[in-house]
There are 2 protein chains.
Amino acid sequence: MADLETSRSNTKDILRDHARRLFAERGYEGVSMRDIAGSVGVQQSAIYNHFASKQHLLVDLMVDHMEDLIRSMRAAVDFRATPREQLESFVRFHVNYQLDNPDALFIAYMELRSLEPEGRETVVVLRDEYELALRGILDAGDAAGEFEVTNPAVVARCILAMMTGVTVWYKETGPLGREAVVDVFAETILRSVGCSSATAEC
Amino acid sequence: MADLETSRSNTKDILRDHARRLFAERGYEGVSMRDIAGSVGVQQSAIYNHFASKQHLLVDLMVDHMEDLIRSMRAAVDFRATPREQLESFVRFHVNYQLDNPDALFIAYMELRSLEPEGRETVVVLRDEYELALRGILDAGDAAGEFEVTNPAVVARCILAMMTGVTVWYKETGPLGREAVVDVFAETILRSVGCSSATAEC
DNA sequence: GTGTCCGATGAACACTCGTTCACGGGGGCG
DNA sequence: CGCCCCCGTGAACGAGTGTTCATCGGACAC
């Protein structure tokens, strides 16, 4: 229980951190308010001083995450570069972000079903915005003749699914270094759009 | 509720069908025995005439599914063919199977966390067996010089994650036909291992 | 016809769920 | 000092959880 209170962490942030980890581990329905409170080391009723309900807590986590994800992605990808460079930046950013924030991304993609309509709407809009950025890169590469993608919409989703699944099996302590994993993803995905880094074509 | 009893469907099978759908929709923790019973149209206590507990019901669903998946995969892939042909068969089989049985596969990959240790062990062994079949194809193709895969273990998981995600977004009623989706997957994945169907290389 | 057994019932068990509320302590501001 | 207002407590609420059990109808074997 209980973090040593590093720097300026108030109860609300600590609650967020523990809730995020627990939701990712056992799922929204599998975690009780008592679990969250117990993990932090407070009473269950204390949570309601910071979040109106369990549902609001989930929405708060998901929206905060999606907004940060989109902001970070925009900072990491230079949209004036060539499609090939954009795609590689996007992939390297996403896999790294995923490995830094495995729980947040996992929740955002898995717990949509646990959201009540109004919250779901908000999150879906943000998720579509992110997906559309990748799709835009594929479209541009296709139009420029750099990529060969039969169907950008489908391929975009394939690529996201592939990358989002990484946290299910990757262990930081495993035989494979993080940089190596990122490289494999970058190469595999560039290849999948007909644009290998080893090829002279690009 | 209640199916009209098509052909020879007994209560146990009907329970399985409804439980599978509900688990996939709302998650194991999000579904109560009363939900399942209510969906079928019987009392909750009737379930215990067929399954010892909710946990046993989940294990039953997952093991049955994994065994059928492996059996069907072995029947669909000709392991005497070339690695390229094997991979294409595997991908086409998996995507089709996924679209035929979206709930079962989704549960098998998502609800591992809801399994108690003994059941999880059984399912993980089966899942590894399936994954290993794909990895074997990649290894063979790599050794034969047909594929270029930096790391077969990682790429195998990437491919599975990509394919397993299809049910999240694919709608049978959407603009894209099922055959078209399968084609996109086959082409994208063959490309990702450096072996495009359009290329003379293979 | 009689006996057996499978399977469904509905009430009940002890427990956990999300949420509410009256209460109190302690720090900041007038 | 006196006031208020965060923010925490602990007990309680009604509802829902998985599971058990005595009971009973009806199909099948002899």
Side-chain angles (χ1 to χ4, degrees), chain A residues 1-5 7-23 25-62 107 111 113-120, chain B residues 1-5 7-23 25-62 107 111 113-120:
Chain A
M1 339 279 178
D3 292 3
L4 13 154
E5 305 205 3
S7 69
R8 270 289 288 116
S9 56
N10 54 16
T11 304
K12 185 164 186 173
D13 286 334
I14 300 180
L15 279 171
R16 258 195 275 255
D17 290 343
H18 286 244
R20 180 166 35 238
R21 182 175 47 79
L22 289 171
F23 284 163
E25 280 174 8
R26 304 187 224 154
Y28 177 73
E29 305 276 2
V31 177
S32 71
M33 296 300 255
R34 284 162 179 82
D35 291 335
I36 300 170
S39 166
V40 173
V42 295
Q43 280 296 111
Q44 39 181 343
S45 51
I47 301 180
Y48 291 86
N49 289 323
H50 304 281
F51 303 95
S53 68
K54 191 185 178 189
Q55 179 74 199
H56 280 82
L57 174 50
L58 177 61
V59 172
D60 179 282
L61 284 177
M62 292 178 74
I107 293 171
E111 295 295 355
R113 67 179 172 203
S114 301
L115 286 176
E116 285 154 19
E118 66 268 44
R120 163 187 278 130
Chain B
M1 339 293 172
D3 295 2
L4 14 155
E5 304 204 3
S7 68
R8 271 288 290 116
S9 55
N10 53 14
T11 304
K12 186 163 186 174
D13 286 334
I14 300 179
L15 279 170
R16 258 196 276 255
D17 289 343
H18 286 244
R20 180 166 37 236
R21 182 175 48 78
L22 289 171
F23 284 162
E25 278 174 9
R26 305 187 222 153
Y28 178 73
E29 306 277 2
V31 176
S32 72
M33 295 300 257
R34 284 162 180 81
D35 291 335
I36 301 170
S39 167
V40 174
V42 295
Q43 281 297 111
Q44 40 183 339
S45 51
I47 302 181
Y48 292 86
N49 289 325
H50 304 283
F51 303 96
S53 70
K54 190 185 179 189
Q55 179 75 199
H56 281 82
L57 173 51
L58 177 61
V59 173
D60 178 283
L61 283 177
M62 292 178 73
I107 293 171
E111 294 296 356
R113 67 180 172 202
S114 301
L115 286 177
E116 285 153 19
E118 65 269 45
R120 164 186 277 128

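Lettering of chains follows the sequences in order, A, B, ..., and the numbering in each one begins at 1. The structure displayed is predicted, hence computed values, not measured ones.
Contacts classified as salt bridge (charged side-chain N to carboxylate O under 4.0 Å, His left out) and involving residues 40-54 of chain B (residues at least two apart or in different chains) are not found. Identified under the salt bridge (charged side-chain N to carboxylate O under 4.0 Å, His left out) test for residues 36-50 of chain A, with sequence neighbours left out: none.
Heavy-atom distances under 4.0 Å link DNA chain C to A:Tyr48, A:Ser53, A:Lys54 of residues 46-57 of chain A, given in residue order.
Note that the first and last nucleotides of DNA chain C, 5' to 3', having any atom under 4.0 angstrom from a heavy atom of chain B are C:dG7 to C:dA12. Contact footprint of chain B on DNA chain D: nucleotides with an atom under 4.0 Å from a non-hydrogen protein atom, first to last in 5' to 3' order, D:dT17 to D:dC21.
The side chain to side chain donor-acceptor pair (under 3.5 Å) check on B:Arg26 picks up B:Asp35, with sequence neighbours excluded. Contacts of A:Arg120 classified as salt bridge (charged side-chain N to carboxylate O under 4.0 Å, His left out), with partners at least two apart in sequence or in another chain: none. In this view, B:Arg20 and B:Asp17 satisfy the side chain to side chain donor-acceptor pair (under 3.5 Å) rule, not counting sequence neighbours. Not a single side chain to side chain donor-acceptor pair (under 3.5 Å) links A:Glu25 to another residue, sequence neighbours left out. For B:Glu116, the side chain to side chain donor-acceptor pair (under 3.5 Å) criterion is met by no residue, not counting sequence neighbours. The salt bridge (charged side-chain N to carboxylate O under 4.0 Å, His left out) check on A:Glu29 picks up nothing, with sequence neighbours excluded.
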Could you tabulate the donor-acceptor pairs under 3.5 Å formed by side-chain atoms of residues 40-49 of chain B, not counting sequence neighbours?
from	atom 1	to	atom 2	distance (Å)
B:Gln44	OE1	B:Arg34	NE	3.3
B:Gln44	OE1	B:Arg34	NH1	3.1
B:Gln44	OE1	B:Arg34	NH2	3.4

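Across all strands shown, A:Ser45 has heavy atoms under 4.0 Å from base atoms, whether or not it also approaches the sugar-phosphate.
Using a 4.5 Å heavy-atom cutoff, the side chains of A:Lys12 and A:Phe51 are in contact.
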